[in-house]
There are 2 protein chains.
Amino acid sequence: MPDNLPHKPDPELSERARTVLRTLVERYIRDGEPVGSRTLARTSGLELSPASIRNVLADLEEAGLIAAPHTSAGRVPTASGYRLFVDSLLKVEPLGQQEVARISEHLRLGEAESGEALLASASAMLSGITRLVGVVTLPRREHVEIEQIEFVPLSARRVLVILVLAGQQIQNRILRLDRDFSPAELQQAANYLSSAFAGQSVMKVRAQLLQEMRQMHGHLNALMTATVEWADQVSQRSAQEDYVLAGELNLMDFKELSAVDKLRALFDTFTRKRDILHLLDQAIDAEEMQIFIGEESGHSVLDEVSVVSAPYSIDDRVVGVLGVIGPRRMAYDRVIPVVDVTARLLGAALDHQR
Amino acid sequence: MPDNLPHKPDPELSERARTVLRTLVERYIRDGEPVGSRTLARTSGLELSPASIRNVLADLEEAGLIAAPHTSAGRVPTASGYRLFVDSLLKVEPLGQQEVARISEHLRLGEAESGEALLASASAMLSGITRLVGVVTLPRREHVEIEQIEFVPLSARRVLVILVLAGQQIQNRILRLDRDFSPAELQQAANYLSSAFAGQSVMKVRAQLLQEMRQMHGHLNALMTATVEWADQVSQRSAQEDYVLAGELNLMDFKELSAVDKLRALFDTFTRKRDILHLLDQAIDAEEMQIFIGEESGHSVLDEVSVVSAPYSIDDRVVGVLGVIGPRRMAYDRVIPVVDVTARLLGAALDHQR
DNA sequence: TGTTGGCACTCCGGACCGGCGAGTGCCAGC
DNA sequence: GCTGGCACTCGCCGGTCCGGAGTGCCAACA
């Protein structure tokens, strides 16, 4: 995380200043309007007059934690203000029993037809509970094990290839071939490949497998090579490539984003995906919850939003991230535990079956 | 199509009035601003003074074909104005060779992994070429033939069911069972079902099949019944249920829609899907190109947009619709042929394989 | 009779203005 | 070190004014 603002080397805020900052941020998060000394004097709990509060505010402003949109408006937290807030002022209360139950309810594999449907509903959950944008990356497949490979003959020269991956993920694709294969041959090829992969990731075996096949009796080769290549493609794709969004429209409800061009820019980057994925990647690598506030993300389009994200795992291996995107003034105290819990539960739902 | 406006019984417009209306609509489509007598006098080709044009405009207004946003603005076409325009004033020029080629290029099944990917790329095409919103419904499956059914054992009590439908569509789902099945049993069940369906639609055979199975030797029943039920669900779903959108964001570029709340309402109905599907259904039933202009759609959220849609077929049976959604002032002369051609080519791409 | 120029009128949008309210910074006094 | 007081700065709101665009109507003309 870059040290974003060119300011004093942590002037060690006084307890008072911390209280003021905290109530200011809380207040601003609540109703999105710059807050002034007057309101703070009343609501901070400190027994101080507005005038004294103003002194504190001046200090905070100098420290780069808050800013005034214009001379006679109240103050607004800056990115570093929020940062300090979430890092050391925020008291996150864990989710209630009831809410956890509600989440895990919706994340049962019960009616979900596939892993992908599960991801979608996780995303919808996130967005539904927080009234922000939910995002869940498709599980990274480089390290995901291949459990099984099957061939289903469709018609002459058309074969359906089925790839069963760990974590309920199924991929299929139709291959067009230049000669017929008998059911027995297909079976043979499937057996061979399935045992060759034997619960390993494509990455691990690919090279060796292709090597091996090159020296083989030839006539199943076309089919098998094509299959391995495709399996490889499949595992390259994903996490780096795609995610499921939900509730994008919620962003339209926040006045700080309601300018059409800002929205347009945001939605554009949502569909372009690259920037968002780049951001989420960091969270995958970190293997723990990450929060990006405004400019911290390093992508100027995202200057006005925050992203709260947590990685999720299948069988104890981190394979993806999920999270929430919303305006900087989001209710971090609620969002953080929701994201956290959802990540855990999604992981559980995905590896619980076997 | 309802006779929308409570006005004169078609006062048989003069040739002059028609010309004025045509250039007015064309102009308004071009730059979205109310057009006045002055501009019309210059650009209509008629050798008339603004004053005379005004008389004509008064007639057109009385006939409900145009309207003035306020006293001293130019005129704007009403829904019925557009209607008359597209029905009898519009000269649609067919697409150039080059563009047709470009479309069919992108609609090759070549790299498309599945039918669904094809639909998505059709949608993207539509949106890309017209700079509007592209929409393609998933093919209706009630009448689509089931070509094949396969079972792939995953692990004890988990079986992957694969449904191969006509038109490159593949569905799969994991079934959880309450006892083990041997590969031989699965094979047997697959054979039985595949031949029972034998290229027919689920709808046709469902009842009879369930009946038959009820009297059977029992122990494969759980599996097979579940499969038939699911196949039935699959074929109920779709067309009535889902579509692929592309380029929603394009709507933000039109000033007449750029109010955040309007956009919000529109995007909401896009994700709610119901209204849009209801509209598109009519196009499916009509089995020919349909154009809904503004209020004509009957859904007040869609008052400010037009929908140009055409059904597409697989193997000569209409199974879905595709089209374009945009502001009323869209370039109908370009959009219409694009939609038309894309529908044909998509159909072709979908049934060309076998 | 249809076409035209002229004219008064309407309306929108932008610019300008002044007052109000909210909030600030600073200072002097406690 | 806290506080009240005070002058000051803005943004916002409503009002007014003006120019431009376009209209409807009328009287004159071919």
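So that the names make sense, note that chain A is the first sequence line, chain B the second, and so on, each numbered from 1.
- A/Thr271 places a side-chain N or O within 3.5 Å of a backbone atom of A/Phe267 that can act as its donor or acceptor partner.
- Listed by residue number, the members of residues 19-34 of chain A with any heavy atom below 4.0 angstrom from DNA chain D form an empty set.
- Using a 4.5 Å cut-off on side-chain heavy atoms (C-beta onward), A/Phe85 and A/Ile29 make contact.
- When atom types are taken as modelled, the side chain of A/Thr78 and the backbone of A/Ala67 share no donor-acceptor pair closer than 3.5 angstrom.
- Mapped onto DNA chain C by nearest heavy atom, A/Ser37 and B/Ser72 fall at different nucleotides, with B/Ser72 at the one closer to the 5' end.
- Under a 3.5 Å cut-off, the side chain of A/Ser306 and the backbone N or O of A/Gly326 do not form any donor-acceptor pair.
- Checked by atom type and distance alone, the side chain of A/Ser123 pairs as donor or acceptor with a backbone atom of A/Gly134 at under 3.5 Å.
- Among residue pairs with one or both ends in residues 72-81 of chain A, those qualifying as salt bridge (charged side-chain N to carboxylate O under 4.0 Å, His left out) are A/Glu61-A/Arg75; sequence neighbours excluded.
- Of the possible donor and acceptor atoms, one in the side chain of B/Ser309 sits under 3.5 Å from a partner among the backbone N and O of B/Gln290.
- Proximity of residues 38-48 of chain A to DNA chain D (heavy atom under 4.0 angstrom from any strand atom) is restricted to A/Glu47, A/Leu48.
- Side-chain atoms of B/Tyr332 never come within 3.5 Å of backbone atoms of B/Ile291 as a donor-acceptor pair (strictly under, hydrogens ignored).
- Residues B/Arg272 and B/Asp268 are not paired through a salt bridge, judged by the lack of any N-O separation under 4.0 Å between the basic side chain and the carboxylate.
- The salt bridge (Lys or Arg N to Asp or Glu O under 4.0 Å) test with A/Arg328 singles out one residue from A/Glu304, A/Glu256, A/Glu295, and that residue is A/Glu295.
- A 4.0 Å heavy-atom criterion places the boundary nucleotides of DNA chain C facing chain A at C/dA22 to C/dC26, written 5' to 3'.
- By the 6.0 Å contact criterion, CZ on B/Arg22 is enclosed, its count of non-hydrogen atoms from other residues, nucleotides or ligands being greater than 12.
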Could you give the side-chain donor-acceptor pairs of residues 31-50 of chain B under 3.5 Å, partners two or more places apart or in another chain?
{"unit_1": "B/Ser37", "atom_1": "OG", "unit_2": "B/Arg54", "atom_2": "NE", "d": "3.3"}
{"unit_1": "B/Thr39", "atom_1": "OG1", "unit_2": "B/Gly36", "atom_2": "O", "d": "3.2"}
{"unit_1": "B/Thr43", "atom_1": "OG1", "unit_2": "B/Thr39", "atom_2": "O", "d": "3.0"}
{"unit_1": "B/Ser44", "atom_1": "OG", "unit_2": "B/Leu40", "atom_2": "O", "d": "3.1"}
{"unit_1": "B/Ser44", "atom_1": "OG", "unit_2": "B/Leu46", "atom_2": "N", "d": "3.2"}
{"unit_1": "B/Ser49", "atom_1": "OG", "unit_2": "B/Ala51", "atom_2": "N", "d": "3.3"}
{"unit_1": "B/Ser49", "atom_1": "OG", "unit_2": "B/Ser52", "atom_2": "N", "d": "3.4"}
{"unit_1": "B/Ser49", "atom_1": "OG", "unit_2": "B/Ser52", "atom_2": "OG", "d": "3.2"}

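- A heavy atom closer than 4.0 Å to some atom of DNA chain D occurs in B/Arg54, B/Leu57, these being the qualifying members of residues 49-60 of chain B.
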